[in-house]
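Values below: every heavy atom of this structure, side chains too, minus hydrogens, waters and symmetry copies. Letters A, B, ... mirror the listed sequences (proteins, then strands); counts begin at 1. Here the structure is a predicted model, which means the values were calculated and not measured.
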Amino acid sequence: MALTLSEDQQLLRDSARSFLDDKSPVSRMRALRDERDATGFSRAVWKVMADLGWLGIQLRAEHGGSGKGLREVAVIMTECGRVLAPEPVLSTLLLGANAVRLSSNEALKGDVLPAVAAGQRLIAFALEETGRFDPYAINTAAVLTADGYCITGEKRYVLDGHTADQIVVVARTSGAAGDRDGLTLFFVDADTDGVEIVRTTMMDGRNAARVGFAGVDVGADRLLGNAELLDRVLDEATLGLAAEMVGMAEEAFERTLEHLKEREQFGVKIGMFQALRHRAAEMFAELEFARSLVLDGLSAVDEDRDDISLSASAAKTQANKAARLIGAEAIQMHGGIGMTDELDIGLFFKRLRAADITLGDASYHLRRFASLKGY
Amino acid sequence: MALTLSEDQQLLRDSARSFLDDKSPVSRMRALRDERDATGFSRAVWKVMADLGWLGIQLRAEHGGSGKGLREVAVIMTECGRVLAPEPVLSTLLLGANAVRLSSNEALKGDVLPAVAAGQRLIAFALEETGRFDPYAINTAAVLTADGYCITGEKRYVLDGHTADQIVVVARTSGAAGDRDGLTLFFVDADTDGVEIVRTTMMDGRNAARVGFAGVDVGADRLLGNAELLDRVLDEATLGLAAEMVGMAEEAFERTLEHLKEREQFGVKIGMFQALRHRAAEMFAELEFARSLVLDGLSAVDEDRDDISLSASAAKTQANKAARLIGAEAIQMHGGIGMTDELDIGLFFKRLRAADITLGDASYHLRRFASLKGY
Amino acid sequence: MADLESFRREVRDFLADNLPDELRVGNRPDLPEEPLRKWTAALAERGWFTPEWPVEYGGGGLDREQTAVLRGELRAVRAPVESPAGVRLLGATLLEFGTEEQKRQHLPGVARNAVRWCQGFSEPGSGSDLASLQCRADLDGDEYVINGSKIWTSGADEADWIFCLVRTDFDASKHRGISLILFEMDQPGIEVTPLELIDGTAHFCQVFFDDARARADQIVGPLHGGWTVAKRLLQHERTTDSATHGDIVGESKETIVELVKREVGMNNGVLADAVLRERLAAHEIDTRALDLTMQRAVEEVSAGHRGRDIGSVGKFRWADMMKAEHDLAMDAAGSGGLGWEGPGFEPAQLERTREWLFSRAHSIWGGTDEIQKNTIAKRVLGLPE
Amino acid sequence: MADLESFRREVRDFLADNLPDELRVGNRPDLPEEPLRKWTAALAERGWFTPEWPVEYGGGGLDREQTAVLRGELRAVRAPVESPAGVRLLGATLLEFGTEEQKRQHLPGVARNAVRWCQGFSEPGSGSDLASLQCRADLDGDEYVINGSKIWTSGADEADWIFCLVRTDFDASKHRGISLILFEMDQPGIEVTPLELIDGTAHFCQVFFDDARARADQIVGPLHGGWTVAKRLLQHERTTDSATHGDIVGESKETIVELVKREVGMNNGVLADAVLRERLAAHEIDTRALDLTMQRAVEEVSAGHRGRDIGSVGKFRWADMMKAEHDLAMDAAGSGGLGWEGPGFEPAQLERTREWLFSRAHSIWGGTDEIQKNTIAKRVLGLPE
């Protein structure tokens with residue numbers, strides 16, 4: 001179990017950081033938000049990410065990838081987190097494409113994954129129907145038809161749903177909302193008849209959509225898997241998101257430390273006030289804890305350990321805890337100026353909270369951890 | 001709704017304080033503990049409390065009392081809290097005798113209450129059977145007999161049970177553990193056949209007992225009431241205990257402030273360190289909040305408002321919160337010396353936690369508050 | 001007591017006559033304009049915007065019990081009562097420190113809610129260290145010439161007058177060269193820029209003074225003695241902000257209890273989520289404790305048992321409470337609380353999200369939590385410095 | 001890797017030969033004396049009390065991987081392995097700062113667990129400000145004469161030797177006049193008094209020196225340079241304490257998960273109390289995070305990516321974690337956790353209560369939480385002072 005990055009992974013991190021600092025500072029995300037850009041991210045940057053090999057990094061060579069692990073994806077996500085890059089890494093790579101990659105539908109893999117690696121295909125993941133995260137609370141129904149299934153229901157908070165070419169949708173073939181059994185994942189073209197997409201604007205500048213399925217026909221060859229696949233996709237995405245959160249929290253923390261070192265009040269640097277110093281030490285500890293649990297969770301996946309779900313829930317719980325503390329303290333320690341939209345720190349605050357809620361808040365993951373531990 | 005003490009109440013407080021400081025400093029409680037005193041408190045001090053009129057303060061004149069309210073009892077308990085006086089005020093006055101006072105058994109009142117006011121009768125309250133406070137989780141059974149009831153069961157954590165002359169016992173005449181319906185309160189002489197009392201030593205130096213009832217016969221004239229009476233007795237006792245906790249927390253806080261003002265480290269008073277100053281401000285806020293809710297709860301009882309239970313649970317929740325914070329910080333801020341038995345601060349720490357758990361921890365009262373609020 | 005009851009009847013009659021049903025919905029931003037204007041004028045005419053002020057300055061001349069009755073009745077019918085900065089802060093300060101001329105000139109306008117005031121205290125460089133302010137006033141005949149900048153000035157874009165802390169003695173130590181001065185906002189040399197906050201709105205402005213002018217007789221309290229006046233004013237701010245949060249929250253909106261019940265659902269009469277249930281109860285108890293503590297503080301301060309610095313407890317706990325309430329709302333709503341604008345979310349959801357964002361300001365403005373705790377440690381607990 | 005597996009087999013053979021079943025219950029206070037003595041001697045003979053030390057000083061001469069294998073195997077069979085202060089702290093310090101003579105004189109005794117050591121650092125007046133210590137050592141020929149007092153000295157009543165911080169230069173600034181010196185406890189002029197703590201036991205002693213004597217060649221590290229040595233020793237203390245808590249807690253005891261399950265009960269496979277359930281999960285995650293973070297810190301410190309001060313994070317979070325665990329146990333037990341002694345409570349309940357009380361010490365000894373946070377702020381985060 002490696003808790004530190006390998007040399008190759010450090011190189012990847014350094015090159016990702018230098019590319020993003022150069023081509024994607026926070027101001028880029030801010031401009032897209034302010035302009036209410038229709039895409040919400042940059043297709044040009046996405047193309048460069050493909051050219052850099054990031055989008056296929058965990059895909060097999062036959063699918064245009066380089067066969068690395070989740071840890072490499074996470075290294076990139078952490079760096080994206082530091083600059084709040086709005087590209088659909090989580091939605092396309094770790095939710096949409098990963099559902100295909102982890103499925104046993106080889107035909108679909110051959111069709112979809114190379115296009116993803118090349119940056120030519122965006123895939124969304126249509127799961128949630130309720131406000132609080134509850135992946136089995138699914139009412140969307142998939143009814144057996146002559147040549148496949150017919151899907152009816154409405155999905156919310158579908159990340160980057162407004163630009164998706166294709167959508168993985170979680171629907172119910174049997175059972176009732178709340179049951180794990182009876183969930184099935186389908187692969188649907190976004191332009192199929194009956195698919196209705198309404199873009200929603202999120203407070204952190206991310207892009208999402210409501211996606212309606214009004215009797216959408218899908219062929220039997222577009223079936224991906226059941227709840228087992230869903231759990232695995234969510235575990236990997238949760239770890240990737242937690243890694244992104246570590247990057248965001250780290251950057252927010254560092255900017256706050258800089259402020260403590262520069263801002264003067266009562267004739268001294270405010271970083272000299274012991275109350276703030278002690279709180280900074282607490283922030284540091286929470287961040288280091290999050291980093292450790294995320295690295296361990298990534299190892300669990302890459303080494304195919306049997307505690308992947310447990311590690312993912314532990315990592316997200318702690319990432320959320322760190323995000324909440326660091327987000328709140330970043331604003332408070334910046335004082336009035338931290339409340340203005342002019343400063344970037346507020347963007348980190350919003351994104352940290354949104355990520356905290358996304359894919360399950362601390363309460364959700366604490367309960368899941370407890371269940372997995374048998375209590 | 002008076003949130004401040006009246007002039008009379010202030011006089012009572014001042015005289016109680018001066019009596020207790022003089023005759024009952026913390027060293028008295030410590031000596032009783034160290035000597036493993038068989039009584040665990042001082043019958044002489046109890047007699048003086050009676051002579052001062054404290055024991056009958058809320059009883060009617062016909063029962064030898066002075067007809068004041070719960071607030072006056074609470075004033076005394078707060079002062080007892082400040083010096084950790086081990087006398088059975090809570091158990092005899094607010095649990096045992098109060099069950100009689102609040103019942104409609106006039107014959108029993110005439111017999112019992114004057115003796116209580118005179119300091120000649122000690123009464124315990126035998127309720128709990130489980131570790132976590134749950135007043136309806138009663139298995140002790142009272143079975144109807146020819147001339148009364150026959151009680152069988154075992155009670156734990158009966159405060160001052162080892163010295164009780166008489167015992168109010170909560171037993172079940174119908175229903176199952178957890179039901180509110182079917183609970184009945186009986187008045188039993190401690191020397192009745194079948195009553196077995198084993199003294200237990202508590203970590204805070206208080207005195208308690210396990211009380212077994214092995215088929216104890218009790219006459220129908222010894223019946224006090226049902227769950228409604230139980231709730232009211234517990235509400236008043238809870239408020240009294242919360243008032244005592246305010247006294248303990250106040251004293252622990254003041255001793256800690258003194259330490260911060262006197263102790264030097266790194267060439268300065270430790271009270272100059274901002275981190276400690278801010279934490280002291282938090283302690284102060286929690287204490288003031290507890291004081292307000294306790295005063296309000298006492299008014300609720302004395303003015304017979306309809307939110308007595310709600311106020312009692314709010315007050316105990318906050319008293320527990322303050323107790324936990326102030327207890328922990330008192331030890332931490334005193335440093336190593338605070339961990340020694342030699343210093344009194346550890347006695348406050350233990351007593352605060354014991355009181356926190358007694359009659360319901362924060363979780364119990366939060367849930368009760370929620371239920372009373374309809375959610 | 002009998003008098004109080006007859007006063008209560010007087011208030012009820014007044015309300016029946018002057019407060020139409022459509023306004024009985026609390027302080028909402030979308031109230032109908034004309035009825036609101038009429039109601040406000042009726043209230044002002046009785047002096048009941050400022051019930052405790054003397055009648056000669058446009059107040060209601062009520063005693064404390066009467067004031068409590070009036071407030072209770074207004075609240076009971078959810079009467080909208082705007083509480084502008086002028087009434088809450090400047091009024092109390094002028095009553096205590098103003099000259100007779102100043103009182104007669106300014107108080108009636110405040111009482112009638114006819115003159116709008118803004119507060120010029122903070123500066124971009126000063127933050128919590130308010131006394132380090134640099135905005136200067138140089139005497140020029142019987143006027144002062146004002147140069148510098150103020151920030152976090154709410155309502156500066158709509159204000160008629162400003163009460164402003166300026167440096168009048170440049171050689172004195174930082175606390176001793178400050179004065180509080182009043183001047184008109186509508187004059188050359190004053191520019192106001194709104195400040196956009198993280199919630200997307202502009203509650204505050206920045207104000208720039210470039211040779212703005214103020215009459216020398218508009219200094220409140222002693223020349224160079226403005227620090228004492230300002231500290232007192234901030235104490236008022238702390239006390240009233242924490243005592244009146246019920247008004248600020250707006251009574252007609254869905255309460256946090258209703259919100260959590262709706263989002264989380266009930267199960268056998270109990271909230272379906274046991275952890276949120278305890279958090280909600282804890283929040284309600286906190287709110288109750290804060291209200292009671294502020295009431296008690298007012299009683300004790302009036303009785304002389306306490307200094308006014310107790311208000312600092314109210315200020316930081318009020319901020320805690322507000323933040324806790326909005327965090328709770330967010331956690332209950334889940335992803336439903338993450339919307340910003342446009343379709344896909346209910347307007348009430350979007351409003352809650354923005355309020356959550358704005359709630360972070362409560363522990364910053366009006367003296368940060370850190371300043372409040374410093375004050376308690378020093379002034380209330382007497383810890384050495 | 002093959003070598004490592006053969007080493008693992010060697011360890012297992014050793015355990016089969018030397019560790020009787022009755023000892024395979026972890027570090028308990030009530031182990032049978034004679035078997036324990038034999039087992040300890042066997043372990044010491046292999047140098048496995050101090051597996052990483054060089055063989056010539058009585059160590060095992062193992063590399064890091066081998067040490068990890070050894071520790072893992074010992075843990076797997078719940079072998080009791082006392083970890084006295086001598087091994088954990090003095091050993092590492094002597095290896096780094098001691099003269100060759102000092103190493104040869106003292107290390108084998110430590111390695112065989114034959115000589116018991118105690119630590120004389122804190123003084124009644126010094127507390128967190130360790131460098132303000134007053135205990136003095138005056139040179140008299142080739143000996144120092146020691147006068148003063150030490151507190152929080154665990155095991156002083158049973159120790160053969162003490163490693164002690166004393167002031168050797170009385171004119172230098174407070175950090176520059178300190179030396180670390182070793183001397184025997186069994187001599188005239190040393191008196192040991194046990195200190196009763198709030199948990200009713202005496203884990204610590206106070207030690208009084210009245211013309212006690214130490215040989216001048218027993219100063220470790222430079223004369224007057226003891227502060228540097230001491231700081232390093234404290235870093236070891238912080239790292240090892242937080243890395244080895246599993247050993248300290250005692251593995252054979254009911255775990256916190258088992259305790260909460262038993263006290264609270266299960267309902268459809270889920271803890272009957274949803275709030276305690278989340279607290280328990282949070283505690284388990286915290287423990288996991290602490291373990292991983294300390295492992296990572298060791299890797300990073302070894303790789304030179306970090307300074308040793310990261311140990312301060314482990315120390316204060318370890319204290320948090322221990323206190324949280326005992327608070328959780330208390331809350332789960334309710335009044336069952338309030339017993340002190342005698343009838344009416346299970347022995348395990350009484351033990352838990354006392355452990356809860358003792359747990360409050362974790363954020364005080366070995367450098368208070370406050371000191372750890374100061375260290376992080378200054379050394380790790382680089383905040384200005």
Side-chain angles (χ1 to χ4, degrees), chain B residues 33 36 128 130-134 156-157 159 198-206 208-210 263-268 270 273 275-276 279 324 327-328 330-343 345-347 349-350 353-364 366-367, chain D residues 122 124-132 151-152 174 195-204 206 262-265 273 275-276 279 319 323 327 330-345 349-350 353-354 356-358 360-361 363-365 368-371 373-374 377:
Chain B
R33 181 199 69 163
R36 291 177 167 68
E128 293 178 73
T130 53
R132 300 186 81 198
F133 187 70
D134 189 352
R156 305 183 187 188
Y157 323 118
L159 290 176
V198 179
R199 180 180 179 182
T200 53
T201 306
M202 309 300 276
M203 71 156 183
D204 60 339
R206 282 181 316 160
R210 285 205 176 200
R263 171 77 165 170
E264 286 194 16
Q265 293 270 274
F266 305 103
V268 299
I270 61 173
F273 290 114
L276 300 186
R279 281 154 54 191
R324 212 163 266 218
I331 298 282
Q332 182 68 24
M333 289 182 175
H334 273 85
I337 198 77
M339 278 298 295
T340 63
D341 186 62
E342 194 183 325
L343 224 69
I345 203 73
L347 301 176
F349 176 69
K350 293 181 206 179
R353 180 60 70 100
D356 169 340
I357 302 279
T358 301
L359 299 181
D361 64 10
S363 201
Y364 171 81
L366 284 169
R367 289 166 203 200
Chain D
S122 292
S126 67
S128 289
D129 186 8
L130 185 57
S132 69
I151 199 167
W152 313 124
K174 75 176 181 179
L195 263 180
E196 188 176 335
L197 296 191
I198 59 172
D199 66 344
T201 62
H203 299 267
F204 299 104
Q206 187 162 0
R262 181 177 50 70
E263 293 282 3
V264 174
D273 186 304
V275 176
L276 286 183
R279 268 177 69 187
K323 290 196 283 187
D327 274 333
M330 286 289 280
D331 287 335
S335 291
L338 301 181
W340 183 249
E341 62 184 13
F345 294 92
Q349 286 182 313
L350 298 174
T353 306
R354 302 213 180 205
W356 168 71
L357 286 162
F358 184 69
R360 315 314 303 191
S363 49
I364 297 172
W365 60 243
T368 62
D369 273 12
E370 288 80 6
I371 294 292
K373 289 179 190 173
N374 288 346

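Contact of Lys323(D) with chain B is made through the side chain alone, with heavy-atom distances under 4.5 Å. For Ser126(D), the part lying under 4.5 angstrom from a heavy atom of chain B is the backbone only. Both the backbone and the side chain of Ala361(D) come within contact range of chain B, judged by heavy atoms closer than 4.5 Å. Neither the backbone nor the side chain of Ala275(B) comes within contact range of chain D; no heavy atoms are under 4.5 Å apart. Of the two parts of Ala328(B), the backbone and the side chain both hold a non-hydrogen atom closer than 4.5 Å to a non-hydrogen atom of chain D. Contacts of Arg367(B) with chain D are made by side-chain atoms alone, with heavy-atom separations under 4.5 Å and no backbone atom involved. Only the side chain of Leu195(D) comes within contact range of chain B, judged by heavy atoms closer than 4.5 Å. Of the atoms belonging to Arg156(B), not a single heavy atom falls under 4.5 Å from chain D. Contacts of Leu276(B) with chain D are made by side-chain atoms alone, with heavy-atom separations under 4.5 Å and no backbone atom involved. Using a 4.5 Å cut-off between heavy atoms, Ala131(D) does not touch chain B at all.
The two residues Phe358(D) and Met339(B) come nearest to each other via the heavy atoms O-CE, 3.9 Å. The heavy-atom pair separating Glu128(B) from Ser335(D) by the smallest distance is OE1-OG, 3.6 Å. Minimum heavy-atom separation, Thr340(B) to Trp152(D): CG2-CH2, 3.4 Å. In terms of heavy atoms, Thr200(B) sits closest to Gly344(D) at CG2-CA, 3.7 Å. Summarising the geometry of Asp331(D) relative to Ile357(B), their closest heavy-atom pair is OD1-CD1, 4.0 Å, with the distance given to 0.1 Å.
For the residue pair Gln332(B)/Ser363(D), the side-chain donor-acceptor check at 3.5 Å is satisfied.
Judged purely by atom type and a 3.5 angstrom limit, Glu196(D) has no side-chain atom pairing as donor or acceptor with the backbone of Asp341(B). At least one donor-acceptor pair closer than 3.5 Å links the side chain of Asp129(D) to the backbone N or O of Phe266(B).
A salt bridge between Asp273(D) and Arg132(B) is present, with a side-chain N of the basic residue lying under 4.0 Å from a carboxylate O of the acidic one.
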Item to complete: Tell me, with the steps shown, if His334(B) and Ile364(D) meet side chain to side chain contact (heavy atoms under 4.5 Å, CB included).
Response: CA-CA 9 Å; His334(B) 273 85; Ile364(D) 297 172; over 6 Å; no

Practice prompt. Take Ile198(D) and Ile345(B) through the test side chain to side chain contact (heavy atoms under 4.5 Å, CB included) and record every step on the way to the result.
Written response: CA-CA 9 Å; Ile198(D) 59 172; Ile345(B) 203 73; over 6 Å; no

Item to complete: Decide side chain to side chain contact (heavy atoms under 4.5 Å, CB included) for Arg36(B) and Glu341(D); before the verdict, give the C-alpha distance in whole Å, the side-chain angles of both, and the deciding distance to 0.1 Å.
Response: CA-CA 11 Å; Arg36(B) 291 177 167 68; Glu341(D) 62 184 13; 2.9 Å; yes

Item to complete: Begin with the C-alpha distance, continue with both residues' side-chain angles, and end with the deciding distance and a verdict on side chain to side chain contact (heavy atoms under 4.5 Å, CB included) for Glu370(D) and Arg279(B).
Response: CA-CA 12 Å; Glu370(D) 288 80 6; Arg279(B) 281 154 54 191; 2.8 Å; yes

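Taking 4.5 Å as the limit, every side-chain heavy atom of Thr368(D) sits out of range of all side-chain heavy atoms of Met333(B). Side chains of Arg33(B) and Trp340(D) form no contact here, defined as non-hydrogen atoms less than 4.5 Å apart.
Counting heavy-atom pairs under 4.5 Å between each of Asp199(D), Leu357(D), Val264(D) and chain B puts Leu357(D) at the top.
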